[in-house]
Amino acid sequence: MKDPIRNITAFQLDVLKEISNIGAGNAATSLSKLLNKAVDMEVSRVLPMHFNEITEYVGGAEHIVATVFLRIQGDISGNMFFVISTEAARELVKDLIGQAEEEFTEMSYSVLQEIGNILSGSYLTALSDFTGLDLQPSVPSLAIDMAGALLGEGLMELGRSGDYAILIDAKIGLRETLELTVVQNGGGHFFLLPDPESFEKLFTALGVQNHGSS
């Protein structure tokens, strides 16, 4: 069976990037209100990525990262990860609660979970607006651990029907420090894994199910 994500076309990726940019804009607006500071969020690229490459891409198996995971429910189903370095996560927490924390506390977890909820919710809302599909996120779960532990086995378990995820690279940070944050901390990474039967349904709803395919 062909992996639908591996065979995604350049045009379909362009469509997803456009939707992702709209979702990022909505997320930045929501985070700006939450932080009472100007937040920017930009999507730099969207591309398929093999599971074997993902752990290395976010810094290596032993790199400590914060990961928000949620299940996409509704007319289509799938999974979504938001992965951010702990350095960038600490900056976001500091911006929100107004003080730096050396260790991740219960408050830090709540803040990061809310940020993950806003980011994923904004993306799914943009996707729903474009497709007319009812898409709802599950309650997000947050974990902070080595990337290998969080992503390696988790992605393999989720990807029984394929070996690829859609990478959505996003720069996120306060407007005045965005470039610095991105350079130092690598920004954030979304990994979108629509279930195989949902992949076709999603692109049919977008009207680009066969566009550019050979």
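Taking the six-membered ring where tryptophan is involved, the planes of F190 and Y123 are essentially parallel, since the angle between them stays under 30° and well short of 60°.
Side-chain N or O atoms of S138 include one that pairs as donor or acceptor with a backbone N or O of R71 at under 3.5 Å. Proximity of a side-chain donor or acceptor of S20 to a complementary backbone N or O of V43 within less than 3.5 Å is not detected. Remark: side-chain polar atoms of K201 are paired, donor with acceptor, to backbone N or O of D75 under 3.5 angstrom. Within the 3.5 Å criterion, the main-chain N or O of E200 finds a donor-acceptor partner in the side chain of T204. At least one donor-acceptor pair under 3.5 Å links the side chain of T125 to the backbone N or O of G121.
Residues K94 and E91 are paired through a salt bridge, judged by an N-O separation under 4.0 Å between the basic side chain and the carboxylate. Between D169 and K17, none of the side-chain N atoms (NZ, or NE/NH1/NH2) sits under 4.0 Å from a carboxylate O, so this pair counts as no salt bridge.
With values rounded to the nearest 0.5 angstrom, D145 atom CG is found 11.5 Å from T86 atom OG1. One distance of note links CD1 of I72 with CG of L127; it measures 7.5 Å at 0.5 Å rounding. Atoms CG and CD1, on L13 and I168 in that order, are 9.5 Å from each other to the nearest 0.5 Å.
With sequence neighbours excluded, no residue forms a salt bridge (Lys or Arg N to Asp or Glu O under 4.0 Å) with R6. By the side-chain hydrogen bond (donor to acceptor under 3.5 Å, both in side chains) test, Q136 is found to be paired with D134, residues two or more places apart in sequence or in another chain being considered. For K33, there are no salt bridge (Lys or Arg N to Asp or Glu O under 4.0 Å) partners at least two apart in sequence or on another chain.
Annotation: side chain of I118 is in contact with side chain of L31 (closest heavy-atom distance under 4.5 Å). For the pair L206 and I19, the minimum side-chain heavy-atom distance is below 4.5 Å.
Aromatic rings of H189 and F82 (six-membered ring for Trp) have centroids beyond the 6.0 Å cut-off, not under it.
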Exercise. Which is it for S108 and T105 under the side chain to side chain donor-acceptor pair (under 3.5 Å) test, yes or no, and what are the steps along the way?
Worked result: CA-CA 5 Å; S108 304; T105 64; 3.3 Å; yes
For this session: Check step by step if side chain to side chain contact (heavy atoms under 4.5 Å, CB included) holds for I115 and I84.
Result: CA-CA 11 Å; I115 290 172; I84 189 170; over 6 Å; no
